[in-house]
Amino acid sequence: MAAAAESGARAWLSGGSPRPGSPTSSPELGAGSRSRLGPGSGPGSGIERPGARPPGPSAPGHSFRKVTLTKPTFCHLCSDFIWGLAGILCDVCNFMSHEKCVKHVKTPCTSVAPSLVRVPVAHCFGPRGHYKRKFCAVCRKGLEAPALRCEVCELHVHPECVPFACSDCRQCHLDGHRDPDTHHHHWREGNLSSGARCEFCRKTCSSSDVLAGVRCEWCGVQAHSVCSAVLTPECTFGRLRTMVLPPACVRLLSRNFSKMHCFRISESAAPEPGDGDDGVDGSAPAGPGKEVAAPESSKQTLKIFDGNDTVQRNHFRVISVPRLARSQEVLEAALRAYYITEDPQAFQLQALPPPTQAGDADTEALGKVWSGGTAEDEGSRGPGSRDVPEAWVIRALPRTQEVLKIYPAWLKVGVAYVSLRVTPQSTAQTVVLEVLPLLGRQDEGPEGFQLLEVLMGSRQVQRMVLADEELLLGRLQAIRQTSLRQMSQTRFYVAERRAVAPRVSLFVGGLPPGLSPQEYSSLLDEAMSLKAGLVSMSHVYSSQGAVVLDVACFAEAERLYMLVRDTAVHSRPLTALVLPDVLHTKLPPDCCPLLVFVNPKSGGLKGRDLLCSFRKLLNPHQVFELTNGGPLPGFHMFSQVPCFRVLVCGGDGTVGWVLATLEEVRHRLACQEPAVAILPLGTVERTHSPCCCRWTRLTLCSWTAGPSCWTLRRLVEGRAVWWTQSRPRLHNKGVYVRVGLQKLSQARGLHREIRLQVEQQEVELPSIEGLIFINIPSWGSGADLWGSDSDSKFEKPRMDDGLLEVVGVTGVVHMGQVQGGLRSGIRIAQGSYFRVTLLKATPVQVDGEPWVQAPGHMIISAAGPKVHMLRKAKQKPRKAGTPRDARVDGEPAPEGDSK
């Protein structure tokens, strides 16, 4: 019976991982040729060259078997319909294929995908959302319920699949661990836009039925998974290459910071508790407080844990097995639930008794768990037998020796990894001593190298230096005891013992403006106890109330970051951002990176999707969320870039905010006159750059108003905040309509309440209800308020003529006619200097923000030099045969605010 069980296990593990003790290695993702053994290789050791593939089937790690189809099914390779009643299914990752397509499958199984990642980079998962016609990258099933999406690389997963996702996000900066010499395509499978065509064969490669096709997350090239192997591996960033900030030109040593912190993604975008975390939270289809569906009468539902960590957190996965299933069948089902394809003979199931009290089991109860009988003790019948616990833990059997893969970290040795056998006597130092000859470093002493343990979690990649005397076999057993999933996501690197000078740039905003550097230093030292010798102040922006700290210690940088976020100065919370360094000397000659500012509260509250789109299209380091620190951090980061452009996504207030900040820091920029665009990204590529005048408003309140002026100003601030937080355009217009209807019955009287001077000359106002100053030919969501008729009294308006146009409206009916294009406003004046005298409290609106202004004087005049604005040019005809870049043209244009 044992022989039969072993035979069945081997059949189930076709194309799976080697048995313990085997020196065979796995290749890197996208490999092509057979492996070759190098010097020092033999029994128990081996070398894997980059791009090598071990002999055997082309499908890496899959456990394929023929199944009978009971519903319409599509092939995950060619995306065609599978005719007939038979298909080929992977029992682990649900990859479905035609029988004829199996030999061409290159997509790795979820069980082995972590071992094929070149450089582990964690993901940035946002909040749960509904993603129609999308598929999970782990289990390959549709996302019917709310799911998670990476804010940087568009990876879609179920919340319960997050712990099993590969840490294969885009590498957007140099971190000193393994910096590539060349930039390769970063392929992401499936979820392509409809109508996507393969770059190689020009046939449709997208599918709305299954996870099929691949797309480079940098250049946007799309292809069939088979065709992608034929394309050149080097990535040129596609049509956006001149606007993308190359990863090789950005440096950030972020050892203790998560990717959410590195990319300045606000906490509001973080996932909900219980959405799974790597080595921290875990998650499962059913967990704490979740109901388990009742199985069929012939089957039994079991809770499966993979180690001490999931037991303590009560995070389990659920399997359904026949009540009379054999232990071997139950064990194989439990391993599949955790995407483990190793030999089942190396594991056992241990019964987990229920906790003595409701809630988590205490220490005494946990001690009794490990003394329970194994599945083998139950004979041929598994846990489905009568009077057996419904909760089980997968345990790895003790091993006397094991084959360990050692990766060369940032060493330039030309191999992916080497494999060697470790015994109970093997330590980190002896492993380094054995690995160096295999890497061609036999002439160097082991004292110059160290062994690193890296946990490649989908949310955070954690690195730890092992002590020289650390026993490797015991370390592996301890990891498996904690979590089998963590073991499959753990790697060991050999690296040089080099002294890394840590330097973290920490932006601190929200400080009182107008202070000296010494006063800022004293203020921060009093609030956070800065450590002398580790923290220095490199930049001071006094007018903005912000400083940049250079921290020479990772632990101190993390402490300051968390402390600043919880600190308030003068009842105003501080802002902390981790900023990378832009290596401007390494930028390509034709590179003019785009600095993007997005206000997520503008455009009908659609800014969150716009932020994700820009982070996907560009390097996320060049995309800044204005509600998280404002525009100053972006200009500081780009201060040494010789040429760059600015894209502002938001309303008039957002544009004015960015331009005002640009004016204040212009003298610190290497590119002092960057062109500014207020357009969707797809129109920036074909633009010309006209100038735009900027204006300032000075309010001089009448002192006869007394304290009421100060009271009104406080009211103004409160209203402005309320309107900013409630920016849906339909709501705003509804308020305008309601107020306008109330005004219909009132006589026009604004001309009797204000006085207007233009260029020191008094201007007589007609009978109006509204007075409007405009600088561009667009108002109220695009209406032409000035009109197109020629007039000898006035010049033709231009945005760069140094003049403002003054227009009057008679009421809400007049405004509606202007919006409908039936009428224009009443032309009153043109000029560059205006003085408005308010004889009584008057409602005023600037950049969409309304308030009631107290009696006094308002002066409007030019502010600073003109700003170069990018303006869309006429569309050029597309050349025949030119491929359409779906990542640019396929992006939805953001809805702009009124001008």
Side-chain angles (χ1 to χ4, degrees), residues 12 14-15 57-111 113 129-149 154-161 164 187-198 201-215 222-228 285 293 295-296 298-299 318-322 333 336-337 339 886 890:
W12 176 73
S14 60
S58 61
H62 288 290
S63 303
F64 284 127
R65 65 183 177 90
K66 184 176 291 188
V67 295
T68 301
L69 304 179
T70 59
K71 60 181 180 179
T73 308
F74 294 82
C75 177
H76 290 198
L77 180 68
C78 66
S79 69
D80 290 340
F81 184 77
I82 301 179
W83 296 96
L85 299 178
I88 305 298
L89 174 69
C90 175
D91 278 331
V92 180
C93 70
N94 302 313
F95 191 101
M96 178 67 72
S97 170
H98 290 104
E99 189 171 1
K100 63 180 181 180
C101 293
V102 171
K103 60 183 179 182
H104 302 295
V105 174
K106 305 294 182 183
T107 304
C109 180
T110 303
S111 60
H130 292 273
Y131 304 103
K132 297 180 180 179
R133 299 298 231 176
K134 301 293 184 180
F135 297 88
C136 176
V138 175
C139 68
R140 310 185 69 88
K141 298 180 180 180
L143 301 178
E144 298 176 355
L148 300 178
R149 177 187 64 184
E154 286 284 283
L155 179 80
H156 294 79
V157 291
H158 293 108
E160 61 268 18
C161 293
F164 304 96
W187 298 114
R188 175 70 64 220
E189 185 187 13
N191 297 321
L192 307 184
S193 58
S194 59
R197 293 192 174 274
C198 177
C201 68
R202 306 308 303 165
K203 297 180 180 179
T204 302
C205 58
S206 64
S207 174
S208 59
D209 301 296
V210 292
L211 196 70
V214 294
R215 178 187 66 249
Q222 301 171 111
H224 297 99
S225 59
V226 176
C227 296
S228 63
E296 301 176 8
S298 61
K299 293 187 176 182
V318 177
I319 63 173
S320 181
V321 296
R336 286 197 301 269
Y339 299 96

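Here L77 contributes atom CG and H98 contributes atom NE2; the two are 9.5 Å apart, rounded to the nearest 0.5 Å. The line from OG of S208 to NZ of K134 is 11.0 Å long, rounded to the nearest 0.5 Å.
With respect to E154, the salt bridge (charged side-chain N to carboxylate O under 4.0 Å, His left out) criterion is satisfied by exactly one of R215, R188, R149: R149.
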Does the side chain to side chain contact (heavy atoms under 4.5 Å, CB included) test come out yes or no for V210 and M96, once each step is laid out? CA-CA 9 Å; V210 292; M96 178 67 72; over 6 Å; no

Under the criterion side chain to side chain contact (heavy atoms under 4.5 Å, CB included), I'd like the reasoning laid out for F74 against S207: C-alpha separation, chi angles, the key distance, then a yes or no. CA-CA 9 Å; F74 294 82; S207 174; 5.6 Å; no

From CA spacing to verdict: salt bridge (Lys or Arg N to Asp or Glu O under 4.0 Å), E189, R140: CA-CA 10 Å; E189 185 187 13; R140 310 185 69 88; 2.8 Å; yes

Decide side chain to side chain contact (heavy atoms under 4.5 Å, CB included) for S193 and Q222; before the verdict, give the C-alpha distance in whole Å, the side-chain angles of both, and the deciding distance to 0.1 Å. CA-CA 10 Å; S193 58; Q222 301 171 111; 4.0 Å; yes

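The aromatic rings of F95 and F64 lie perpendicular to each other, with more than 60° between the two planes, well past the 30° mark.
Residues C139 and E160 are not in side-chain contact: their nearest non-hydrogen atoms beyond the backbone lie 4.5 Å or more apart. In this structure, the side chains of Y339 and V138 come closer than 4.5 Å at one or more pairs of heavy atoms. At least one side-chain heavy atom of L143 sits less than 4.5 Å from a side-chain heavy atom of H158.
Residues G195 and S206 share a closest heavy-atom pair of N-OG, 3.4 Å. Between A137 and L211, the shortest heavy-atom distance links the atoms CA-CD2, 4.1 Å.
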